[in-house]
**Student:** 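Quick one: structure below, then a few questions.
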Amino acid sequence: MSSSNKPRFWKPGTSAPGEDIVEERKSETVVTSSYNSNASLPILQQRERLPIYKYRNNILYCVEKFQTTIIIGETGSGKSTQLPQYLLEIGYGKHGYMIAVTQPRRVACVSLANRVADERGSMIGREIGYRIRFDDCWDENETKIKFLTDGMLIREIMNDPILRQYSVIVLDEAHERSIQTDMALGLMKKILKKRKDLRIIISSATLDAQMFFDFFNTNETEDKSKDTVVIMPVEGRSFPVDIHYLVDPCQNYVKETVNTILKIHKTEPPGDILAFLTGADEIEFALTELIEATRDMSSKYQKMKVLPMHASLPAGHQLKVFQKTPHDTRKVVLATNIAEASITINGIVYVIDCGFVKMMAYNPEAAISSLVITKVSQASAVQRSGRAGRVRAGKAYRLYTESDFEKLPASQTPEMQRCDLSPAILQMKALGIVNLVKFDYIAKPPAQNMLQAVELLYALGALNNKCQLVEPDGVRLAEMPLHPTFGKMLLAAVEMGCTEEMLTIAAMTQIQNVFLNVPNEKHKVEKAKRLFSAVEGDHLTLLNIFIAFDENNRSQKFCRQYYLNYKGLLRALSIRQQLRNVLTKFKLPIESCNGNGRTVRQCITKGIFVNAAKLHHTGIGVYKTVKDGHELHIHPTSVLYREVPPQWVVFNEVVKTNKEYMQDITVIEPEWLHTLTSHYYQFGTNREISEKRAKIC
DNA sequence: GAGCACTGC
């Protein structure tokens with residue numbers, strides 16, 4: 001190890017990668033060797049041909065020597081499948097230890113585990129396993145490599161604070177910076193202090209590597225040879241992508257997207273197109289325009305098949321984007337951000353990036369989350385254009401000028417700094433973190449967001465006025481895989497004897513689309529919705545839907561008939577079962593109130609009393625929050641939207657689009673706010689609230 | 001009065 005001024009990138013010898021590769025990545029044109037011509041080779045030889053193979057010994061040397069290794073892994077390097085195997089091969093799976101590999105998403109865990117098991121010729125769940133919510137597939141005695149989600153790792157830390165079963169933790173895709181990843185990073189730093197033998201490998205994009213380095217490096221001297229962290233860049237295997245910018249900024253990126261698609265179609269050689277837009281409505285607009293344009297297009301051009309892709313589409317419609325189109329047809333996929341990292345569509349050669357994304361923002365003063373269209377980061381733009389270089393050289397069209405690109409933020413604000421922190425803070429308390437302010441965050445959340453979260457947890461009875469976890473309720477709430485407000489509803493239901501009903505409601509609020517979003521059949525979907533609606537509001541409507549589903553043998557046919565999301569309802573069933581298990585674990589009674597809607601609504605109030613609103617006498621359908629008079633409206637998806645507006649309501653959350661809308665609303669009686677939640681509203685003057693604040697923090 | 005980025009436990 002040299003002790004020069006800048007040993008940020010390790011250069012052990014001529015075969016090791018250096019900064020030149022990092023430079024190359026910046027220019028976004030990475031030229032590499034032949035693509036996957038290895039299919040017929042024996043597995044070992046295939047593995048040896050992956051780009052990461054030539055770094056094998058260097059990486060293993062780093063892992064031995066440094067407590068933390070940061071790998072800058074490009075797409076197609078093979079790191080996620082090979083790295084854990086290298087570690088296993090040199091003995092990190094010995095003496096009963098396991099190697100953990102975390103992923104932000106469930107599907108990635110399952111598919112990676114299966115691929116690695118395949119390569120090793122073993123059955124999944126034996127030597128190689130995975131652990132995700134609702135699906136445990138590993139063996140306590142046999143498993144050596146365990147793929148798990150970031151969230152699952154945090155749950156494991158709750159039961160084993162120093163992760164004694166593991167010899168190495170690989171945090172893959174750390175640059176995505178989800179709240180779970182950030183928490184895991186902070187916790188790992190803590191664990192490393194107590195376990196000098198533990199090794200951590202962080203796989204990240206170039207941009208964040210230096211920050212991760214500084215975060216984990218415990219060397220406080222100038223002597224670089226005492227660093228505890230090392231950065232290893234590993235080249236990938238992708239094709240060059242030509243970046244095209246607009247000369248002048250465009251007025252309407254949706255129209256510009258349509259025009260660009262048509263231009264590519266008419267002037268560029270065959271190859272599928274992927275266009276990024278921000279939401280379903282934009283996608284639908286572009287879809288209609290394109291279908292119209294292709295209708296009167298000259299037959300000298302190829303045919304064109306345009307497909308929408310976003311999360312609220314029924315699964316059947318989503319699958320269409322993965323189907324191959326005939327040779328004479330060009331596939332055009334109009335997608336939301338779902339195609340940036342979550343799904344990969346094969347055969348894309350042209351990418352269009354509108355330069356915007358819908359992102360969750362959090363207003364801590366009003367405790368309101370809202371979806372806003374924001375400019376993408378440079379990192380996102382690079383990720384999007386990279387989607388064009390997976391099969392052969394491609395082209396990316398950025399619908400903004402090059403100078404606008406330069407002005408974009410380098411990377412997106414981490415989730416930790418722009419969302420409701422109450423679930424995260426509750427978890428941290430359950431993990432035994434005494435001082436929330438002193439916790440080593442990789443990105444410190446705004447003080448105001450933390451304060452808001454602590455106050456909510458205090459109001460829910462999860463934390464006391466010394467900011468300590470309350471026994472037993474706080475512990476129970478932390479254990480539940482739910483937002484603490486929903487957890488509180490369940491605990492209230494235990495007291496009031498309606499857990500059966502509340503388990504259903506809590507589970508049902510966790511699924512995004514209860515009804516299918518079938519294009520062209522919106523009217524029929526609306527009609528079906530009305531069949532289940534309860535005058536008391538959305539929560540009891542969700543209960544009605546689940547009961548109907550259950551009484552009709554949970555059949556797919558029933559769901560199809562009423563435009564219900566079958567997969568979603570099955571998911572609700574699993575969530576319900578999991579929540580039921582948690583209650584059983586705590587030996588809490590599971591009872592039914594036999595359809596007493598009043599009792600159920602009272603329990604709901606006990607969970608989301610903070611979100612209470614009263615109909616305002618001015619204007620139609622205007623509500624004001626009880627807490628601070630913030631103006632709100634009933635969301636069009638609510639069953640109460642078409643009804644005579646009720647006087648008093650509680651709601652799950654606010655979505656801000658043109659206006660601020662309440663979602664999942666239940667009608668309440670105003671007395672409940674005093675009788676059931678007096679601890680919150682009785683002392684609700686501003687002066688007293690600020691006194692309370694001073695006390696908590 | 002008229003709307004729904006994406007994950008995860």
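In what follows, chains carry the letters A, B, and so on, assigned in the order in which the sequence lines appear, proteins first and then strands, with residues in each chain numbered from 1. Keep in mind it's a predicted model, so treat the numbers as computed, not measured.
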**Student:** Aromatic rings Y562(A) and F532(A): how do their planes relate, parallel, tilted or perpendicular, breaks at 30° and 60°?
**Tutor:** perpendicular
**Student:** With a 4.0 Å cut-off, would you call K79(A) and D172(A) a salt bridge?
**Tutor:** yes
**Student:** The side chain of S342(A) lies closest to which of these nucleotides: dC9(B), dA2(B), dT7(B)?
**Tutor:**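 That would be dT7(B).
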**Student:** Verify the contact: side-chain N or O of R105(A) to OP1 or OP2 of dC6(B), cut-off strictly under 4.0 Å; return yes or no.
**Tutor:**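 Checking dC6(B) against R105(A), no side-chain N or O comes under 4.0 Å of OP1 or OP2.
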**Student:** I need the CE-P distance between M662(A) and dG1(B), as an integer number of Å.
**Tutor:** 15 Å
**Student:** Which salt bridge (Lys or Arg N to Asp or Glu O under 4.0 Å) pairs, counting each pair once, include a residue from residues 174-191 of chain A, with sequence neighbours left out?
**Tutor:** R105(A)-E176(A), R177(A)-D182(A), K189(A)-D440(A)
**Student:** Nearest of dC6(B), dG3(B), dC9(B) to any side-chain atom of H635(A)?
**Tutor:** dG3(B)
**Student:** How long is the line joining CG of D420(A) and C1' of dG8(B), in whole Å?
**Tutor:** 15 Å
**Student:** CD of E284(A) versus P of dG3(B): gap in Å, rounded?
**Tutor:**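 For the pair E284(A) CD and dG3(B) P, the rounded distance is 14 Å.
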**Student:** Answer with base, sugar-phosphate or nothing: what part of the nucleic acid does R106(A) contact at a heavy-atom distance below 4.0 Å?
**Tutor:** sugar-phosphate
**Student:** Taking only the side-chain nitrogens and oxygens of T336(A), find out if one of them lies under 4.0 Å from OP1 or OP2 of dC6(B).
**Tutor:**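 Checking dC6(B) against T336(A), a side-chain N or O does come within under 4.0 Å of OP1 or OP2.
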**Student:** For H310(A), answer base if it contacts any base atom (sugar-phosphate contacts may also be present), sugar-phosphate if it contacts only those atoms, and nothing otherwise; contact means non-hydrogen atoms under 4.0 Å.
**Tutor:**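 Sugar-phosphate contact only.
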**Student:** Give one of base, sugar-phosphate or nothing for Q412(A), where a contact means two heavy atoms less than 4.0 Å apart.
**Tutor:** nothing
**Student:** It should be established whether Y661(A) places a side-chain nitrogen or oxygen under 4.0 Å from OP1 or OP2 of nucleotide dG3(B).
**Tutor:**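 So the side chain of Y661(A) is within the cut-off, an N or O lying under 4.0 Å from OP1 or OP2 of dG3(B).
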**Student:** Where each residue is assigned the nucleotide of DNA chain B containing its nearest heavy atom, which of M309(A) and H483(A) is assigned the position nearer the 5′ end?
**Tutor:** M309(A)
**Student:** For dG3(B), take OP1 and OP2 only and decide whether either is under 4.0 Å from a side-chain N or O of K659(A).
**Tutor:** no
**Student:** Mark yes or no for whether Q318(A), through its side chain, and M309(A), through its backbone, hold a donor-acceptor pair below 3.5 Å.
**Tutor:** no
**Student:** Using atom NZ of K585(A) as one end and atom P of dC9(B) as the other, report the distance to the nearest whole Å.
**Tutor:**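 Computing the K585(A):NZ to dC9(B):P distance gives 16 Å.
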**Student:** Tell me: CD of Q103(A) to P of dC6(B), nearest whole Å?
**Tutor:** 20 Å
**Student:** Looking only at the side chain of T637(A) (C-beta and beyond, no hydrogens), which of the listed nucleotides dA5(B), dG3(B), dA2(B) gets closest?
**Tutor:** dG3(B)
**Student:** Please determine whether a side-chain nitrogen of the Lys or Arg among E479(A) and R476(A) lies less than 4.0 Å from a carboxylate oxygen of the Asp or Glu.
**Tutor:** no
**Student:** Pairs in or reaching into residues 276-287 of chain A: which pass salt bridge (Lys or Arg N to Asp or Glu O under 4.0 Å), with residues at least two apart or in two chains?
**Tutor:**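 Checked against salt bridge (Lys or Arg N to Asp or Glu O under 4.0 Å) - neighbours excluded - the pairs reaching residues 276-287 of chain A are E284(A)-K522(A).
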**Student:** Whole Å only: how far is the CD1 atom of I179(A) from the P atom of dC6(B)?
**Tutor:**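 Distance, rounded to whole Å: 19 Å.
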**Student:** Roughly, in whole Å, what's the span from CD in E526(A) to P in dG1(B)?
**Tutor:**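 Answer to the nearest Å: 18 Å.
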**Student:** May I ask you to say what Q512(A) touches in the nucleic acid, namely base, sugar-phosphate or nothing, with a heavy-atom cut-off under 4.0 Å?
**Tutor:**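 If one applies the 4.0 Å heavy-atom cut-off, Q512(A) turns out to touch a base.
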**Student:** Reckon S178(A) has a side-chain N or O less than 4.0 Å from the OP1 or OP2 of dC6(B)?
**Tutor:** no
**Student:** I want to verify a distance call: between dA5(B), dC9(B), dA2(B), whose nearest atom is closest to the M360(A) side chain?
**Tutor:** dA5(B)
**Student:** Can you tell me which nucleotide in dC6(B), dA2(B), dA5(B) comes closest to the side chain of A311(A)?
**Tutor:** dC6(B)
**Student:** Without decimals, in angstroms, what is the distance between D182(A) CG and dG8(B) P?
**Tutor:** 17 Å
